[in-house]
Amino acid sequence: MLAENNSIVLVDDNENDIKRLSSIFADRGIGCRTFQYDGISFPDEPLTGVRMVFMDMNLSNSGDTNSQFAVLEDALRKYVSKENYFVLVFWTTHVGDIDNFKAFVNRDGAAEEVPKPMLVVPLDKAQFVDNQNALEYKLSQIFEERLVKCLLSFDEEIQKAANKCLMDIVKLAPFDDSWGENTIFDANVRKLFTKIAIEFSGLQPAKDNPDKAIKEVMAPSFLYDLTELNQDTWKTFLDMTAKSDDELKALTFTGDNTPARLNTILNIDPSTADAEARGSVRKMKLDEDGKNYFQNAFAVTVEEFIKTKMVSTTNDCFVNEATIIAVEISAACDYSNDKPRLHRYMLGIISKRKDFNDHVSKTRTRQIGDHLLIVPFDFIYNGEVYCMVFNLNYTFNEEATELFGKLDDKIFGLKSEFMNSISDCFAKHISRIGYAFFK
């Protein structure tokens, strides 16, 4: 199945204008999706993957200006998903109305529901409709705008790297068919990728989820191909040479909770499927029985565990604010090869960063010992900023304790790179690698 290409979208109520503009892209070998606006027919869902939208500003001739603006605002919602960062080009003879439309969208509470362009550019039909050279020049100017060029160029780089990564592996399959035939090649490609999936992930995981296995094995090659592309897209856009080293070091993130949101993207798997997977983070059902099982297993009450083993605090409120969690820490090789294994869990807590800062002594917490793994970054959970701490001394095998029945649902997962780091800390802690010598 060919994927839809929504990179460039044209919306106009005039069929001739649609043909005129789309022909320019067609002559350059650039595909675009066209829609003749009639107020009735829309995509089933707003389009994703949109990079540029060319839209007639006067889609309806009925009603006053506000009525026409309402039609235009509704069309943006219907055609373009809010998840896109795109350039909005108003294809219109009414360039002077653009500022008025911006004010209309920015009225109280309305803008939140309207897809937000990163750039708005006017194209006056009166100037360009019969002058193709001038129109092509104007379009080239839009594509050369710094932000637009950077994002579109990098998008293209990603596609090139993905294609090269795939083709490099496909070419390993012998193509011995006669010209116009593919029976042997089809079988060889199947064998090649089947073997790759099994060797990388293990037999059972490859059978259960071959798509994941293939994507994971190709990821390093894709990253290499991407970094090897001889492009200066970001160098040109960021222009770091224009600032001093002190200015660059003084830069801070903009936006609400950007570091925590970045950390979530890089290290947290939001999926709640496969609760027994390595890296699965689960709550504990600490009802009355659960608390008794916990105390029997670890010789400490839940309350004291939080206040003295996980953090240092005398504030009873924090006990209610923090959540005890258990992360699955099976060996990576056993998990990848789906070997029979006991599910080992390490205990920890998560809490809102604000509660942690308000009630916990960071200095005394660090003094608890090097068996305390204080995760060095914040992340987003349930829409709020959270932090996380693990205790390397507190682990249990799921099947070997009554706590097995008190493991609750998975709330999120930890991505493999982060899990590898936790496993490394745990291995160093329990082995205490070192040697003795005398002089």
Side-chain angles (χ1 to χ4, degrees), residues 1-7 29-31 48-49 51 152-231 233-234 265-280 328-341 343 410 412-424:
M1 177 181 177
L2 293 176
E4 292 182 343
N5 183 0
N6 299 326
S7 295
I30 301 173
T48 59
R51 297 295 176 261
L152 294 185
S153 296
F154 192 63
D155 197 16
E156 183 180 347
E157 288 178 36
I158 291 173
Q159 293 179 45
K160 285 181 178 179
N163 183 67
K164 183 179 184 303
C165 173
L166 176 61
M167 289 299 102
D168 283 349
I169 297 178
V170 170
K171 288 175 183 177
L172 298 177
F175 196 168
D176 298 328
D177 300 83
S178 302
W179 193 95
E181 303 296 330
N182 76 337
T183 304
I184 298 173
F185 183 56
D186 180 289
N188 287 339
V189 171
R190 288 172 183 265
K191 291 177 184 178
L192 173 65
F193 280 92
T194 299
K195 185 64 174 175
I196 287 173
I198 292 171
E199 289 294 319
F200 180 80
S201 294
L203 177 59
Q204 195 58 47
K207 290 174 66 177
D208 292 341
N209 196 341
D211 290 84
K212 181 181 179 182
I214 295 298
K215 291 172 184 176
E216 287 183 342
V217 79
M218 295 179 71
S221 177
F222 165 74
L223 181 60
Y224 176 82
D225 290 334
L226 182 60
T227 55
E228 285 298 297
L229 286 174
N230 188 24
Q231 305 287 340
T233 302
W234 290 101
I265 293 170
L266 296 174
N267 298 297
I268 305 297
D269 176 5
S271 171
T272 56
D274 195 1
E276 296 184 346
R278 180 174 183 262
S280 174
E328 212 278 2
I329 56 169
S330 293
C333 59
D334 289 347
Y335 172 67
S336 295
N337 292 300
D338 200 33
K339 294 180 180 178
R341 70 193 196 277
H343 294 282
K410 178 181 178 182
F412 54 80
L414 305 182
K415 291 187 177 178
S416 59
E417 292 82 2
F418 182 34
M419 269 308 302
N420 290 340
S421 177
I422 292 176
S423 297
D424 184 57

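All values derive from a computational prediction rather than experimental measurement. Each residue takes its place number in the sequence, starting with 1.
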Enquirer: Measure the CG-NZ distance between Asn209 and Lys207 for me, rounded to the nearest 0.5 Å.
Expert: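 NZ of Lys207 is found 14.0 Å from CG of Asn209.
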
Enquirer: Should the pair Lys215-Asp211 be classified as a salt bridge under the 4.0 Å nitrogen-to-oxygen rule?
Expert: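 Here Lys215 does not pair with Asp211 in a salt bridge, since their nearest N and O are not under 4.0 Å apart.
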
Enquirer: Nearest 0.5 angstrom please: Lys410 NZ to Ser271 OG, how far?
Expert: 4.5 Å

Enquirer: Between Lys415 and Asp269, is there a salt bridge with N-O shorter than 4.0 Å?
Expert: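 So Asp269 does not pair with Lys415 through a salt bridge.
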
Enquirer: Between Leu266 and Phe418, is any pair of side-chain heavy atoms under 4.5 Å apart?
Expert: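 Not in contact.
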
Enquirer: Grab the two heavy atoms, one from Ile196 and one from Ile169, that are nearest each other, plus how far apart they are.
Expert: CD1-CG2, 3.8 Å

Enquirer: Tell me if a side-chain donor or acceptor on Lys164 pairs with a main-chain N or O of Asp225 at a distance below 3.5 Å.
Expert: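 Not a single qualifying donor-acceptor pair exists.
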
Enquirer: Take the angle between the ring planes of Trp234 and Phe154 and call it parallel below 30°, perpendicular above 60°, tilted in between.
Expert: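 Correct class here is perpendicular.
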
Enquirer: Do Met419 and Ile329 come within less than 4.5 Å of each other through their side chains, counting heavy atoms only?
Expert: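 In contact.
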
Enquirer: Is there a side-chain contact between Asp177 and Thr183 in this structure, where contact means two heavy atoms from C-beta onward sitting under 4.5 Å apart?
Expert: yes

Enquirer: Is it the case that the side chains of Arg278 and Ser416 hold a donor-acceptor pair, with the cut-off being a distance below 3.5 Å and no angle test?
Expert: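 Judged by distance alone, the side chains do not pair up.
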
Enquirer: Set out, in order, the CA-CA distance, both residues' side-chain angles and the distance that settles side chain to side chain contact (heavy atoms under 4.5 Å, CB included) for Leu414 and Asn267, then state yes or no.
Expert: CA-CA 6 Å; Leu414 305 182; Asn267 298 297; over 6 Å; no

Enquirer: Is there a donor-acceptor contact under 3.5 Å from the side chain of Asn182 to the main chain of Phe185?
Expert: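 Not confirmed, Asn182 side chain does not pair with Phe185 backbone.
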
Enquirer: State the CG-CD distance between Leu229 and Glu156, to the nearest 0.5 angstrom.
Expert: 9.5 Å

Enquirer: Has Thr194 got a side-chain atom pairing as donor or acceptor with Arg190's backbone, closer than 3.5 angstrom?
Expert: yes

Enquirer: Using side chain to side chain contact (heavy atoms under 4.5 Å, CB included), reason through Phe222 and Leu166 one step at a time and then give a plain yes or no.
Expert: CA-CA 8 Å; Phe222 165 74; Leu166 176 61; over 6 Å; no

Enquirer: Please check: side-chain N/O of Glu216 versus main-chain N/O of Met218, any donor-acceptor pairing under 3.5 Å?
Expert: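 Side chain of Glu216 to backbone of Met218: no pair is present.
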
Enquirer: Does one side chain, of Glu157 or Thr233, offer a donor that lies under 3.5 Å from an acceptor on the other?
Expert: yes

Enquirer: Can you check whether Ile214 reaches Phe200 side chain to side chain, under 4.5 Å on heavy atoms?
Expert: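 The answer is no; the side chains never approach within 4.5 Å.
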
Enquirer: If you measure from SG on Cys165 to CG on Leu223, what distance do you get to the nearest 0.5 Å?
Expert: 10.0 Å

Enquirer: Mind listing the closest non-hydrogen atom pair of Arg51 and Asp155 along with its distance?
Expert: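 The pair with the smallest heavy-atom distance is NE-OD2, 3.2 Å.
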
Enquirer: Taking atom OH of Tyr224 as the centre, report whether more than 12 heavy atoms of other residues, nucleotides or ligands fall under 6.0 Å from it.
Expert: no

Enquirer: Would you tell me whether Gln204 and Asp208 have side-chain atoms, one donor and one acceptor, within less than 3.5 Å of each other?
Expert: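 On atom types as modelled, these side chains qualify, holding a pair under 3.5 Å.
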
Enquirer: Using a 3.5 Å distance criterion without hydrogens, assess whether the side chain of Asn188 forms a donor-acceptor pair with backbone atoms of Ala173.
Expert: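 No, the answer is negative, given that no donor and acceptor are paired below the 3.5 Å cut-off.
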
